[in-house]
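All ligand and atom numbering here is 1-based and tracks the order in the structure.
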Amino acid sequence: MPPDPDSPDFWGRIVLSVKMTKKFRLSAIFNGTSSSSPAGDEETKKQNRRSFSLATSLKNLREGKTKSESSSNSSDSTAEGQSTSRMAALAQQIARDTEKLEAYMRENDLPIPTSDVDSPSQYPKLPEDIQRLKQDIIAATRELNRLAHGPQEYLRWGVWAFLDVLALTIINHFGIAKLWPPNETITLAELQTKTTLDPINLARVLRAAMTNGIFREPEPGVIAHTAASRALAEDDNLQAWIGFNCEDIFPASAHVLQALKAFPEATSLTRAGFQFAFDTVDREPMFATFGKDPARARRMGKAMVSLTGGEGYEPSYFVDVEKGGYDFSDLDARGGVFVDVGGSHGFICVELAQRYKNMKFVVQDLPKTIDTAPKPIHSDPQVASRIELMAHDFFTEQTVKGADVYYFRWIMHNYSTPYAVRIIKNLVPALKPGARVLINDHCLREPGAENAWDERVMRHMDLVMLTLLNAQERTEDEFRELFRAADEGFVFKGVRRAPGCRMSVIEAVWKPDEVEKEEEKKD
Ligand SMILES: C[S@@+](CC[C@H](N)C(=O)[O-])C[C@H]1O[C@@H](n2cnc3c(N)ncnc32)[C@H](O)[C@@H]1O
C-alpha cells in the first residue's frame, strides 16, 4: 500500500529551495504581478516593460539571436524600427513555413493534409527540421489567433473550451462517428434512429463539433465525415484517449478547485479532484478505482497506447542510440542487470534486449499487470530468456539487489513529492556503489524555453497529474531535490533529452566515490 501522504516524516527532508523562491519572485516581476508599487500604475507598467525587455534581451543573448530575429519573436504588436506589425509578420511566417512544409510533402510524394474525409489521420514520421517547421506553424497560428481576437474576446470565449470537450464527450461516448460509413452521408433523421440521443441533442452536439472541423453538413440535415470525424470512427486507441480524457479527467478537473480548497497541500493520492468527482475522497487512489472497473481500466490502457504512439513519446528515443537514446554498451559488455520498475508488460526491456545481446532484464509491476503480460514475452528465445517478469510493489523495499540500473518510466510524475521520495528510498538497501537510477519523464524547463506546442502539452500534462493524482511534472532542480531528500548517497548526474523527444532521462548514481576508491585500490 502507498504510504500515508500526510505523515510528517515525509516532509522532514523536503527543504523549500531558496533558489526556486527567488525564481518565482523574478517571474512575478517579469510578468508584472509583483505587489503594488508606490509609484502608481503608470510607473509600475513602465517598470514591468523595462524588466520584461531586459529579460527578453538576456534570453536572446543567451540564445545567440540577432536583434531582427528577436524582434520578430517578440510579442510586441509593432516591432521596433520595423513597419511590419506582429500580426502581419506572423501571417508571413505562416505562409513561408507552410510553403516549405508542402514542398517537403510534394518532394516525398506525401499527401498534403486537408479536412476531407480521405485525408490521412496523421502525418508520417517527419525529419526533425520539418517537424520543427510544423510546430512553428502551429505556434504562430495560435499567436495570430490570439491577436486577431484581442485579449477580452479571446478570454471571454476561450474559456468555453470546455464546451468543445462536452460535445466530444457525448459524440465519443455514443460512438456517433461509427454509425455510418466514412465515405457516405447520412440524414440527421436516419442517424437519430441509430442512437438513444434525441434529435435536438444529437443535432446540437454534431453542429457544435462541426465548428472544430469534426463532421460537416454539406446540405441542411445531411451529415458527412471529415478527416477528424473519420479518425474518431476508426482509431480505437484515439477513442479510448478521448473517452479517458472526457469521462475521467474532465470531470476530475472540474473538482480540482474543491480539492484544493479542502486540502491545499495537494499531495494525497486520495484527495485529488478525481476523488471529489467520483466520491472516493480518503477512500482509494485513482488506480484502485480503475482496478475495480475492468472496462475503465482497459480504456485507460488503450489511451496510454495512443499517447505513447504519439509524436515525441516513442520508446525508440530511449532505446536507439542513433536517435539520442541512452547508450548501454558498457553494461552490455559486462552482462549487466537492468530493472524496469513499474515496467508494465515490459515493452522497453523487449526493445533493449533486441539491441543488447548480453544484458539481463527484470520487469517489475503489480501482480495483476504481471499476470496479464504475454508469455513468452517475445517470440525470440534469445530475447525472452533474458527478461524476467516479477511482481513487486515499489512502495516496499526493492528485492532485486545489486542491479546496475533501476529505471522508472512514466512513474515519478504520478506521485507527489512524499510518495516519490519514498519510492527512491525503497531502492537504497538494494543499491551497490555505481548503480544508476534513471527516471524517464518530462523535465520542465524555464517558461518559454520549449517550442510553444511542446510547452503547452507538458504544462497540460502537469495539470492532468494534479487533477488525477495530486502529482506533478518536475524541473531539473525538483528532480535533484527528490534524490537529495531520499538519501545523501545519490550523486545527481543531470538530465539528457534526445532531439525531438518530449521526455528526458534524469540520472543519479549511488555513491560513485566508492567505485573510484575500489578502482584506485586495484591499480
Ligand atoms: C503510467 S504506467 C507506466 C508503465 C510503463 N513504465 C510505461 O512506460 O508505459 C504506471 C505503471 O506503474 C504500475 N504501478 C502502479 N503502482 C505500482 C506499485 N505500487 N508498484 C509497482 N508498479 C506499480 C502500473 O501497474 C503501471 O504499469
Undergrad: At what distance is the nearest protein heavy atom to atom 8 (O) of ligand 1, and which residue and atom is it?
TA: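 Scanning the protein heavy atoms, the shortest distance from atom 8 (O) of ligand 1 goes to Arg409 NH1, 2.8 Å.
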Undergrad: Give the atom numbers and elements of ligand 1 that come within less than 4.0 Å of a heavy atom of Phe347.
TA: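 Heavy-atom distances to Phe347 below 4.0 Å select 7 (C), 8 (O), 9 (O).
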Undergrad: Would you please determine whether Tyr415 falls within less than 4.0 Å of ligand 1 on a heavy-atom basis?
TA: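 It does; at least one heavy atom falls under 4.0 Å.
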Undergrad: Would you call the rings of His225 and Phe215 parallel, tilted or perpendicular, where under 30° means parallel and over 60° means perpendicular?
TA: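 Correct class here is tilted.
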Undergrad: Check each of Ile348, Asp365, Thr396, Asn440 against atom 26 (C) of ligand 1 and report the one with the nearest heavy atom.
TA: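 Of the listed residues, Asp365 has the closest heavy atom.
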Undergrad: Check this for me, if you would: do Lys134 and Asp97 make a salt bridge, where the nitrogen-to-carboxylate-oxygen distance has to be below 4.0 angstrom?
TA: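 Salt bridge: no.
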Undergrad: For Ile411, counting its heavy atoms only, list the atoms of ligand 1 lying under 4.0 Å from any of them.
TA: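 Answer for ligand 1: 10 (C), 11 (C), 12 (O).
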Undergrad: With a 4.0 Å cut-off on N to O distance, would you call Asp236 and Lys302 a salt bridge?
TA: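 Result for this pair is yes, salt bridge flagged.
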Undergrad: Measure the acute angle between the ring planes of Trp410 and His442, then classify it against the limits of 30° and 60° as parallel, tilted or perpendicular.
TA: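 Judged by the thresholds at 30° and 60°, the geometry between Trp410 and His442 is perpendicular.
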Undergrad: Note the single closest protein heavy atom to atom 19 (N) of ligand 1, along with its residue, its atom name and the distance in Å.
TA: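 Nearest protein contact, heavy atoms only, for atom 19 (N) of ligand 1 is Asp393 OD1, 2.8 Å.
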Undergrad: Does a side-chain N-to-carboxylate-O contact under 4.0 Å join Arg445 and Glu478?
TA: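 Answer for the salt bridge query: no.
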Undergrad: Any idea which atoms of ligand 1 are less than 4.0 Å away from a heavy-atom of His392?
TA: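 Those atoms are 20 (N), 21 (C).
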Undergrad: Provide the number and element of each atom of ligand 1 under 4.0 Å from a heavy atom of Thr369.
TA: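 Contacts of ligand 1 toward Thr369, numbered from 1: 25 (O).
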Undergrad: Would you mind finding which of Pro315, Gly342, Ala391 brings a heavy atom closest to atom 4 (C) of ligand 1?
TA: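 It is Gly342 whose heavy atom sits nearest to atom 4 (C) of ligand 1.
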Undergrad: Answer yes or no: does an N/O atom from Asn414 fall short of 3.5 Å to an N/O atom of ligand 1?
TA: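 No - when backbone and side-chain N and O of Asn414 are compared with those of ligand 1, no distance drops under 3.5 Å.
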Undergrad: Is the closest basic N to carboxylate O distance between Lys125 and Glu314 below 4.0 Å?
TA: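 A salt bridge is present here (some side-chain N lies under 4.0 Å from a carboxylate O).
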Undergrad: Would you call Asp404 and Arg334 a salt bridge, using N to O less than 4.0 angstrom?
TA: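 Salt bridge flag = yes for Arg334 with Asp404.
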Undergrad: Heavy atoms only: which of Phe395, Trp410, Tyr407, Phe408 is nearest to atom 1 (C) of ligand 1?
TA: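 Ranked by closest heavy atom to atom 1 (C) of ligand 1, first place is Trp410.
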Undergrad: Starting from atom 23 (C) of ligand 1, which protein heavy atom do you reach first, and at what distance in Å?
TA: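 Checking every protein heavy atom, the shortest distance to atom 23 (C) of ligand 1 gives Phe394 CE2, 3.2 Å.
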Undergrad: Using 4.0 Å as the upper bound for N to carboxylate O, is an ion pair formed by Asp248 and Arg299?
TA: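 Yes, charged N to carboxylate O under 4.0 Å.
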